[in-house]
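Notes for the one structure printed next.
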Amino acid sequence: MALLKDLEWRYATKKYDPNKKVSQEDVDKIVEAARLAPTSSGMQQFRVFVISNQEIKDKLVAISNGQQIVSDASHVLVFAAWNKYTEERIDSIFKLTTKERGLPADRFVDYTNRLKAVYLKQTPEENFAHTARQAYIGFGLSIAQAAELKIDATPMEGFNSEQLDKLLDLDSKGLKSVLMLPIGYRDEEGDWLLPMKKVRNPKEEFAVEI
Ligand SMILES: Cc1cc2nc3c(=O)[nH]c(=O)nc-3n(C[C@H](O)[C@H](O)[C@H](O)COP(=O)(O)O)c2cc1C
């Protein structure tokens, strides 16, 4: 019930108070929610970049179709996913799981071979379509965690991902940007969306009971 209240409270904030900053402790919690997200085969195919540097946030405005949100927000989280699957990437998380759980070294060999047979024969574009979907799961949980902390957040796809990749040098890390999540505190007077009713399709239309 508390979660639903938080989700009703939140909205895609359009104007932030540039003078109010989110504490490091709260930023960490919002990132942690993404780290704890479930992902396909548990591979955590995405990373989160936490931008508080004002110069970089200012540069994000031009990349984001002039949306001032990214400059005024306290922090901007960038969710970036693997640009493709590789043998090393698939092996890496299962090596960690094997070690952390004290399992026999070959415990996941059959399973990872099956994953490799599927993903390594796909194109990088097909791979990225899959890895990016995992980023959305973490993104959703970060939004919910922010709301629980009464921190505003704006889900954002409205930016030039190629330019953002360049700015953050994501290619060298084998990543591509998927989403941005500015977080901070709303400008109570200046945000046109704040007084507006939240609109969703009626429950009867949205959920189909079979
Ligand atoms: C994936 C995604 C991308 C979005 N991109 C933008 C964006 O670039 N700029 C923006 O102002 N809002 C953006 N939004 C916000 C949506 O318009 C908003 O979530 C939706 O209208 C529902 O309203 P609410 O979030 O206030 O409840 C995005 C939302 C999602 C989930």
Side-chain angles (χ1 to χ4, degrees), residues 1-18 20 22 26 30-31 33-34 37-40 45-51 56-83 125 128-168 170 175-207:
M1 191 61 199
L3 175 62
L4 293 183
K5 285 247 171 304
D6 296 332
L7 295 180
E8 279 163 18
W9 172 85
R10 67 148 297 279
Y11 72 108
T13 305
K14 300 296 181 216
K15 194 157 174 35
Y16 285 89
D17 182 339
K20 289 193 187 156
V22 178
D26 285 346
I30 292 166
V31 173
T39 49
S40 180
Q45 298 91 331
F46 66 96
R47 297 291 178 266
V48 180
F49 292 76
V50 182
I51 304 173
I56 309 264
K57 285 193 292 158
D58 289 343
K59 284 186 184 163
L60 294 177
V61 176
I63 289 176
S64 313
N65 310 317
Q67 297 188 75
Q68 187 64 27
I69 298 168
V70 287
S71 170
D72 291 343
S74 166
H75 294 68
V76 177
L77 309 190
V78 173
F79 288 69
W82 292 347
N83 56 2
E125 290 73 26
F128 182 64
H130 187 249
T131 61
R133 286 203 293 274
Q134 314 314 312
Y136 278 85
I137 302 169
F139 186 70
L141 294 182
S142 284
I143 292 168
Q145 177 59 88
E148 197 256 340
L149 295 165
K150 295 288 177 286
I151 291 168
D152 290 300
T154 313
M156 274 182 65
E157 267 180 337
F159 60 90
N160 183 315
S161 57
E162 278 173 26
Q163 288 174 15
L164 183 56
D165 293 357
K166 224 175 249 162
L167 181 70
L168 301 181
L170 295 186
L175 297 168
K176 277 155 77 95
S177 56
V178 182
L179 295 147
M180 285 207 280
L181 187 67
I183 58 172
Y185 295 95
R186 61 190 67 175
D187 175 342
E188 303 263 358
E189 263 85 65
D191 193 336
W192 63 268
L193 190 54
L194 178 56
M196 303 269 167
K197 185 177 187 284
K198 188 178 279 295
V199 180
R200 293 293 190 266
N201 282 312
K203 198 173 81 184
E204 312 73 51
E205 212 179 286
F206 180 74

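In listed order, ligands and their atoms are each counted from 1.
- Counting only heavy atoms from C-beta outward, the side chains of Phe79 and Leu181 approach each other to under 4.5 Å.
- Among protein heavy atoms, atom 5 (N) of ligand 1 sits closest to Glu157 N, 3.0 Å.
- Considering only non-hydrogen protein atoms, atom 30 (C) of ligand 1 sits nearest to Pro155 CB, 3.6 Å.
- Here Arg200 has side-chain heavy atoms under 4.0 Å from ligand 1, and that is the only part of it that gets that close.
- For ligand 1, the polar-atom distance check finds no N/O of Thr154 at less than 3.5 Å from any of the ligand's N/O atoms.
- Among all protein heavy atoms, the one lying closest to atom 7 (C) of ligand 1 is Met156 CG, 3.6 Å.
- Leu60 contributes atom CG, which lies 7.5 Å from atom CD1 of Ile56 (distance to the nearest 0.5 angstrom).
- His75 has its side chain out of reach of Ile30: every pair of non-hydrogen atoms, C-beta onward, lies at least 4.5 Å apart.
- Atoms of ligand 1 found under 4.0 Å from any heavy atom of Lys14 (numbered from 1 in listed order, with element): 10 (C), 11 (O), 12 (N).
- Nearest non-hydrogen protein atom to atom 25 (O) of ligand 1 is Arg10 NH2, 2.7 Å.
- Protein heavy atom closest to atom 18 (C) of ligand 1, with residue, atom name and distance, is Ala12 CB, 3.8 Å.
- Residue Leu179 has no N or O atom closer than 3.5 Å to an N or O atom of ligand 1.
- For ligand 1, none of its N or O atoms has an N or O atom of Leu193 under 3.5 Å away.
- An N or O contact shorter than 3.5 Å is missing between Tyr136 and ligand 1 by distance.
- Ion pairing between a basic and an acidic side chain is recognised when a charged N comes within 4.0 Å of a carboxylate O; Lys57 and Asp72 show no such pairing.
- Within ligand 1, counting atoms from 1 as listed, the ones closer than 4.0 Å to a heavy atom of Tyr11 are 26 (O).
- Among protein heavy atoms, the minimum distance from atom 27 (O) of ligand 1 is reached at Lys198 NZ, 2.5 Å.
- When side chains are defined from C-beta on, Pro155 counts as touching Arg10, because their heavy atoms get closer than 4.5 Å.
- Within a 4.0 Å radius of atom 20 (C) of ligand 1, the protein has no heavy atom.
- For ligand 1 and Gln67, the ligand atoms under 4.0 Å from any heavy atom of the residue are 7 (C), 8 (O), 9 (N), 10 (C), 11 (O).
- With rounding to the nearest 0.5 angstrom, the CD atom of Glu125 is 10.0 Å from the CZ atom of Phe128.
- Within the model, atoms CZ of Phe49 and CG of Leu167 stand 11.0 Å from one another, a figure rounded to the nearest 0.5 Å.
- Under a 3.5 Å cut-off, the side chain of Thr131 and the backbone N or O of Trp82 do form a donor-acceptor pair.
- Judged by distance alone, the side chain of Thr154 and the main-chain N or O of Thr13 form a donor-acceptor pair under 3.5 Å.
- Within the 4.5 Å cutoff, the side chain of Leu3 has no heavy atoms near those of the Glu148 side chain.
- At least one N or O atom of Gly158 sits closer than 3.5 Å to an N or O atom of ligand 1.
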